[in-house]
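One structure is given below, encoded as structure tokens.
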Amino acid sequence: MSLTPRDEKTGRYLPIIFPEELPFWQAAKKHKLVLQKCRSCERVWYPVGPTCPFCLSNDFAWTEMSGRGVVHNFVVYHKPWIPYYKDKVPYVLAQVEIEEGVRLTTNIWGLPPSEVKIGLEVEAVWEDVTDEVSLIQFQPRKG
Amino acid sequence: MATEVARALRDKTAISGVSMMMGDYPDRTALSLAVEAFQLALDDAGMSHHEIDGLMCLSYGSDYDRFLEATGVETRYAFQGWTHGRFVQPTLHQAAMVVASGMANAVAIVHGKKHKSYGQPMDHEMWRQGLGPHGESPAYGGFGPALAPALAVQRYFHMYGGKDGDLAPIAMTLRKHAQLNPNAMRRQDMSLDDYMNSRWIMEPLRLFDCCQNNDGAACIIVTTAERARDCKKPPVYISGFQGVHAGRQRHNFTLPGLGVAQQDVFEFTPSKEDMYVYDMAGVDRKDVDMLMTYDAFTPTIFFALERFGFCKPGEALHYVRDGRIGLGGELPMNTSGGLLSEGHVSGWNLFAECAHQIRHEAGARQVKDCEIVQYGSFLGESIIFRR
Ligand SMILES: [Zn+2]
């Protein structure tokens with residue numbers, strides 16, 4: 001489909017940057033993880049969305065997160081869905097639970113897939129993909 | 001619990017005709033497949049197309065108006081939508097409610113699908129805001145419907161001590177069922193070695209944990225119980241139903257409590273409220289002769305067994321062994337071979353099999369004295385059929 005963004009050089013798919021999600025992506029460019037935090041109930045949510053899913057308040061603040069978490073769940077891709085991943089498989093797709101309680105979908109860097117385990121303590125690391133897009137990734141926590 | 005109105009609908013409608021086609025039809029269009037499936041179902045029911053006054057069809061097959069124009073059918077109830085996958089059951093129970101309320105006397109649910117044509121869900125669903133319906137995230141290499149069941153069963157294994165190979169009895173049992181089904185697409189033998197040697201698609205899922213896609217078509221005709229009694233085949237009464245349970249706690253292809261995406265983590269045991277389908281149908285879980293579930297991936301068999309309390313939390317892992325879900329077992333499941341081995345008509349072939357079992361026309365794979373069949377899946381959607 002023509003509307004799906006991909007990196008012309010590599011063929012890798014890129015995220016669609018929806019206007020309301022711009023603060024998330026702008027912070028990511030600066031290697032900061034920000035999510036919406038509700039000013040009424042003080043909870044954080046993910047994925048990014050138009051309102052607080054806990055109390056439906058629209059009064060929220062983009063707030064920097066710790067960037068620390070644990071691998072809550074993961075799978076290992078062995079089949080490359082698009083050619084870009086042909087020399088990347090096997091790779092891990094994980095749901096990392098950050099200290100603020102939400103689970104981010106991400107990759108796990110820095111160790112072979114066979115060593116990734118549920119409960120592994122991880123920290124954020126940033127991948128600069130294009131001029132517009134930096135992706136948060138996670139690697140085993142150091143120290 | 002089921003309401004008085006719901007109980008009043010018990011056995012008031014029935015499936016009177018079914019058809020199913022699958023394979024590769026390179027020279028056919030979705031419309032052409034849908035029309036043939038419609039003709040086959042009319043013939044199965046012994047009904048004329050002039051009796052059909054309701055149509056429900058798929059939003060990415062042939063459109064409702066083209067189908068109606070092509071078949072000369074005039075309706076007073078037409079609906080087009082996402083009648084695929086987890087929405088096959090809602091479509092069928094909607095048809096039953098349409099007939100029960102008199103909005104139509106006979107609804108044809110028509111489904112014709114070319115799996116490699118433009119406009120398939122795979123073309124767009126992973127790109128929606130947030131994550132895809134199976135947790136997809138294209139920028140992270142998170143692709144494919146298999147992602148959701150892979151994530152779910154990874155957590156299930158983590159919570160209950162499962163491991164590679166624990167899904168094998170499911171794949172092998174359903175393959176055995178397919179071998180008794182002349183229409184099944186995948187009938188070659190599958191040994192434990194074959195399973196264990198099948199390649200990883202997305203660990204913890206192997207190739208044989210995943211169904212494959214094909215072209216296909218199906219038609220199910222729902223009419224009043226009264227009219228169905230005069231049709232060619234015995235009526236397949238629709239006794240009870242409950243809908244898709246959805247929300248943050250009920251992620252696609254998982255059970256509540258597994259902790260997929262933003263789900264809470266807990267051991268799920270269904271309450272009576274989670275299973276009001278039995279109350280509406282007036283049957284007990286132990287009366288169910290065959291359980292059919294949406295089995296695009298093997299883990300959904302675990303989840304169906306636990307969603308409706310056939311197994312306690314974590315017990316399905318062991319229950320599926322030793323032939324319990326096979327023909328002649330305690331609770332035969334997906335007797336046609338299911339999506340995994342019979343083939344994939346977006347789930348509609350599962351209902352065709354429910355009808356064949358209730359009518360006692362399933363041949364070598366017939367469940368003996370089959371009176372009550374339950375369709376029930378991980379999202380809690382269910383229909384109980386009665387002979
Ligand atoms: Zn709030």
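Heavy atoms closer than 4.5 Å to chain B are found nowhere in A:Ile17, neither backbone nor side chain. With a 4.5 angstrom heavy-atom cutoff, A:Leu14 touches chain B only via backbone atoms. In this structure, no portion of B:Val153 lies under 4.5 Å from any heavy atom of chain A. Within the 4.5 angstrom heavy-atom criterion, no atom of A:Glu127 approaches chain B. With a 4.5 angstrom heavy-atom cutoff, A:Tyr77 touches chain B via backbone and side-chain atoms both.
Other residues, nucleotides and ligands place no more than 12 heavy atoms under 6.0 Å from the OH atom of B:Tyr64. More than 12 heavy atoms of other shown residues, nucleotides or ligands fall within 6.0 angstrom of atom CZ in B:Arg66.
Taking B:Ala150, B:Ser137, B:Gly141, B:Gly142 one by one and counting their heavy-atom pairs under 4.5 Å with chain A, the maximum is reached by B:Gly141. With chain B as partner, the option from A:Asp7, A:Leu135, A:Val129, A:Val133 having the largest number of non-hydrogen pairs under 4.5 angstrom is A:Leu135. In terms of heavy-atom pairs under 4.5 Å with chain A, the best-connected choice from B:Arg248, B:Glu203, B:Met126 is B:Glu203. Highest contact tally toward chain A, considering only B:Pro138, B:Gly135, B:Pro204, is held by B:Pro138 [criterion: heavy-atom pairs under 4.5 Å].
Atom CD of residue B:Gln262 and atom OH of residue A:Tyr46 lie 8.0 Å apart, to the nearest 0.5 angstrom. Remark: B:Glu136 CD to A:Tyr13 OH distance equals 12.0 Å, nearest 0.5 Å. The line from CZ of B:Arg199 to NZ of A:Lys79 is 7.0 Å long, rounded to the nearest 0.5 Å.
Side-chain atoms of B:His158 do not come within 3.5 Å of backbone N or O of A:Ile118 as any donor-acceptor pair.
The closest side-chain heavy-atom distance from B:Trp200 to A:Val75 is not below 4.5 Å. Under the 4.5 Å side-chain criterion, counting only non-hydrogen atoms from C-beta, A:Ile82 is in contact with B:Phe143.
B:Gly259 and A:His72 make their closest contact through O-NE2, 2.7 Å (heavy atoms, listed as atom of the first residue, atom of the second, distance). The minimum heavy-atom distance linking A:Pro5 with B:Trp127 is given by the pair CD-CZ3, 3.5 Å. The two residues A:Pro15 and B:Ala139 have their closest heavy-atom pair at CD-CB, 3.6 Å.
Taking 4.5 Å as the heavy-atom cut-off, the residues of residues 87-109 of chain A that approach chain B are A:Tyr91, A:Leu93, A:Gln95, A:Val102, A:Arg103, A:Thr105, A:Thr106, A:Asn107, ordered by number.
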**Request:** Go through the steps to decide whether B:Tyr140 and A:Gln137 satisfy the test side-chain contact (heavy atoms from CB on, under 4.5 Å), and finish with yes or no.
**Result:** CA-CA 9 Å; B:Tyr140 286 97; A:Gln137 301 284 9; 3.5 Å; yes
